[in-house]
Amino acid sequence: MNPPKTATAEQIVIGGSEELISGSEAIAHACRLADVDVITAYPIRPYDTVMQYVSQMISDGDFDCEFIVAESEHSQFEIVKHASAVGARVFVGSSGVGWFYAFEAMAVTAGLRMPMVAMVGNRALDDPGAFGVEHNDALAVRDLGWMLVWVETPQEALDTALIAYRVAEDKRIFLPCAVSCDGAFLTHSQAIVNVPDQATVDSFLPRYDRGDKLLHPDNPITIAPQANEDWVMEIRRQSDAAMRRARGVITEAYEDFGDKFGREQEPFIERYMMEDAEIALVGMGTLALPVKVAVRKMRAEGRKVGFVRVRWFRPFPTEELQDALSDVEAVGVIDRDYGFGSSFHSGVLANELRAALYPVENQPKIVSFIAGLGGREVNTDNVIVIAGMVADAASGGMNDQDTYWIGVRE
Amino acid sequence: MSTGSVEVVYRGIFQKTLAKNICRGVVFAAKKEGKIGTAFGRYSDSPERNGIPAKQFAVVSDTHDELQEHLARYEPDNNDVTIACDDALCKGVESWAWYGLQPINKLLKKGGTLLVTSFQSPNKLINFIHRKGEPYNLALVRAAASFSGLWVYKDDHTDARLLGALAKVAPHIVGIDAICEVIKEQWKDDLKVASARKTYEATETIPVSADQGNEEVPFEFEKPGWKTMEEGLVIRGISAEQQKVEGWEGGYVPTRNPTFKKFSTRTMRPVINFDTCIKCTLCWLQCPDSCFDITPDGLYDANMEACCGCGVCEAVCPVEDCVTMVNEEAFDDNASQWEMWVKDKKGYETWMTEKISDKPPRSHGFHHVGQYAEETADEST
């Protein structure tokens, strides 16, 4: 009897190389390059693809870490929280309602200032049990002290995960950071990615050092005592200050990343054909693909439309968005999420942006669109329709105090 | 300035690595020719559903902008080549992501090529394939469906052979030299390179005219809008009331969900030997999709609008060879076997014997630890 053959003949190349990999595999490579010490996992799609790639790397002998499959997401997040307290670099992740099952652990992680990087394979919340992308899962922790960043391509996923470790573990910050990857459109899409070599990563990413906050017998400390109203506000204010500092640390990290890896990018937002734009569209994640194609088409017809892709949602790039959008006549925000009962029944990003642009002089009209829920297609035609509606709003022919659902069956 | 797009339709899990190898091979080979590309899945997932049709795509372009343009939709709808990794998929694609059946050639561009692994005759396959209304080409690679599992891969060169055939039918996407170079790099196996080249040389295309093929219009239904759909995710139960079917008086054909039907999810279907049936009811009781109709004479007839091909009936039937799972591609229609048997018992026996004997290798995947090792051992002897 022949022994069973192994799955594939693909080789994971160690060192700087070009690889055809998905967003999930890119995150796994980032874990390997960051030499993460402890990874906890609990399967839920589409996040589980990261588990598969990480375990493949471990079994191939390319990556050495504690890989713990927990019995639920709650334990998954608790274990890494504790591992982080004793000085381990940790990685965790989930999707949709799996992410929600860990909610208590996620709240305390941020409250205790435990740095970690999580991958969210963005997925619609149950019910119905849909697998496609929506951003409400990751967005739910937006006010708890988690830093949140959305990426568009496998390359950006890898780069951003490395940046996320550097920012989260910076002593000035010590906050968890979630890297959001759109389910299917990014987690299952492969592109050629430059996988950096270990030496470059090591020069960019220092070791995780908790200093005198390390939970260790040689450093006797207590973490997380019971505390009441005479303490709580100060604790919250410290987290607030850390999140405020994150802006500068993120900027530093992107500058250094650009120097070391040769891939320069604006830290908080991506501006696409925004020079002289009269109409701007705003969105996050892989939605950028049809939007960019549509913007190019409209530009070819002489329409002055641009696009701003929001990378970091927490800390929210208030200044950058004020700068990018203060000269346009109207803004269309395309949310791949919903905010039932919120102001104007708008998406989360739209309302956040309305607040950010409130103090701006000659404030542009802001129109909210909900599209692509549960992974539904957003194509270039949809985007062109949206841009047309935004142009109408600019000229006052369209109500900007409402929210428009695109691609829903009436 | 051009974009080339390949759609690979495969059986979830069983052929996931096969589809992945093909799509990655295309992107790597195109890269050798100075193009850029991407490979991605649709309706595929991890883990996938055993045997449920899923897709992967490989899209290659000269420029980044062109590539983006082709990708700015849910799935590329203008493919140069569609590869069906299992010939039963010529009956159409039934995904878990939506209800209904998509003709296998629906996303193929006019004049494109449908590439199928099959031992069947081209005409038999054309009869399965829905009429396209536009001319296209058919090319066959003489290979088995090559089913394996999530963690094991049956490296029988089907991937290399399909890549070789692809270079023949769509040289503008990838050339055979680039394909061979990539196979050599990826697998370090000269025999695999030879397989690709041999298939490249042997592959021929057959033109299919606009009006050739299965005339049947795939089942469709109108989905309700948000104003008409019942709130609270409620689905009303269907009464178990008996359907009135002519010739079935005294039997029991349950009312079935009129919109949720089964199509190419099935890779095999049960063939029933009514003469040996002892009417024990086990198939009827255990079928997870209640697909068995009770005939007027108390026998059990599998209804092909409801059968997902799981094989539980074959497993639970206490009589040897009363229920036999047979490859789906052996059947031209979904007609009742019992009606055929009642009309002409001798004729049915001939038909049944032929179907059961024609059992090319296929499985529902892996049932037990060590099965794959057993299968590969069989092949090496």
Side-chain angles (χ1 to χ4, degrees), chain A residues 1-11 18 20-24 43 45-53 56 126-128 130-132 153-154 183-192 286 288-294 296-297 372 375-383 405 408-410, chain B residues 17 20-21 23-24 27-28 31 36-48 56-58 65 67-75 96-97 148-155 185-189 192 222-229 232-233 369-374 376-377 379-380:
Chain A
M1 196 173 89
N2 297 333
K5 292 169 191 168
T6 50
T8 68
E10 286 157 33
Q11 297 296 314
E18 288 203 316
L20 179 60
I21 53 176
S22 67
S24 295
R45 66 195 73 188
Y47 145 80
D48 60 348
T49 42
V50 181
M51 290 175 64
Q52 288 177 18
Y53 292 119
Q56 179 83 54
D126 293 356
D127 280 322
F131 299 128
T153 62
F185 297 130
L186 181 54
T187 56
H188 288 61
S189 295
Q190 303 167 66
I192 300 282
T286 57
L289 199 152
V291 176
K292 286 175 180 173
V293 173
R296 287 203 292 270
K297 278 189 181 171
R376 185 164 294 185
E377 175 179 79
V378 179
N379 57 34
T380 47
D381 291 343
N382 296 143
V383 178
W405 286 60
V408 67
R409 283 193 305 276
E410 284 301 315
Chain B
T17 307
K20 190 177 170 188
N21 286 353
C23 290
R24 290 172 65 87
V27 176
F28 283 133
K31 190 165 180 281
I36 52 165
T38 183
F40 57 97
R42 286 288 178 270
Y43 332 133
S44 58
D45 212 319
S46 50
E48 297 168 334
Q56 289 191 30
F57 292 87
D65 282 7
L67 184 67
Q68 278 195 333
E69 209 161 297
H70 204 80
L71 294 173
R73 49 184 60 75
Y74 185 78
E75 54 182 353
W96 57 258
S148 55
L150 188 61
W151 301 112
V152 284
Y153 183 54
K154 200 174 192 169
D155 197 0
E185 269 174 28
Q186 292 287 307
W187 286 285
K188 318 217 170 0
D189 182 349
K192 217 160 166 166
E222 204 180 321
K223 296 188 198 80
W226 72 270
K227 291 173 186 164
T228 47
M229 193 156 75
L233 274 164
V369 173
Q371 185 187 342
Y372 179 69
E374 286 164 24
T376 46
E379 278 164 21
S380 60

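Proteins come first, then strands; the chains are lettered A, B, ... in the order of their sequence lines, and each starts at number 1.
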Next item on the list: Would you please classify the geometry between the B/Y74 ring and the A/F185 ring as parallel, tilted or perpendicular, with 30° and 60° separating the classes?
Entry: perpendicular
Item checked: Leading residue by heavy atom contact count with chain A [cutoff under 4.5 Å; candidates B/A39, B/G37, B/A72] -> B/A39
Check: What option among A/E410, A/E18, A/Q190, A/K292 has the most heavy-atom pairs under 4.5 Å with chain B?
Finding: A/Q190
Item checked: Greatest number of heavy atom pairs closer than 4.5 Å to chain B - which of A/S189, A/G375, A/A191 -> A/S189
Check: Which region of B/D65, side chain (C-beta onward) or backbone (N, CA, C, O), has a non-hydrogen atom less than 4.5 Å from a non-hydrogen atom of chain A, or is it both or neither?
Finding: both
Item checked: side chain to side chain contact (heavy atoms under 4.5 Å, CB included) against A/A130, all qualifying residues, sequence neighbours excluded -> A/A124
Check: Between A/A184, A/P128, A/G132, which has the largest tally of heavy atom pairs under 4.5 Å with chain B?
Finding: A/P128
Notebook entry, point to check: Do you know the tightest heavy-atom contact between B/T228 and B/P224?
Noted result: OG1-CB, 3.5 Å
Check: Got a sec, which residues hit side chain to side chain contact (heavy atoms under 4.5 Å, CB included) with B/I36, two or more places apart in sequence or on another chain?
Finding: B/H64, B/L67
Check: Checking heavy atoms, do the side chain of B/L71, its backbone, both or neither come under 4.5 Å from chain A?
Finding: both
Notebook entry, point to check: Quick one: what part of A/S22 sits under 4.5 Å from any heavy atom of chain B, side chain, backbone, both or neither?
Noted result: neither
Notebook entry, point to check: Does one side chain, of A/R296 or B/Q68, offer a donor that lies under 3.5 Å from an acceptor on the other?
Noted result: yes
Note to self: Tell me the closest heavy-atom pair linking A/K297 and A/T380, and the distance in Å.
What the structure shows: NZ-OG1, 3.9 Å
Check: Contact part of B/K223 toward chain A, heavy-atom cut-off under 4.5 Å: side chain, backbone, both or neither?
Finding: both
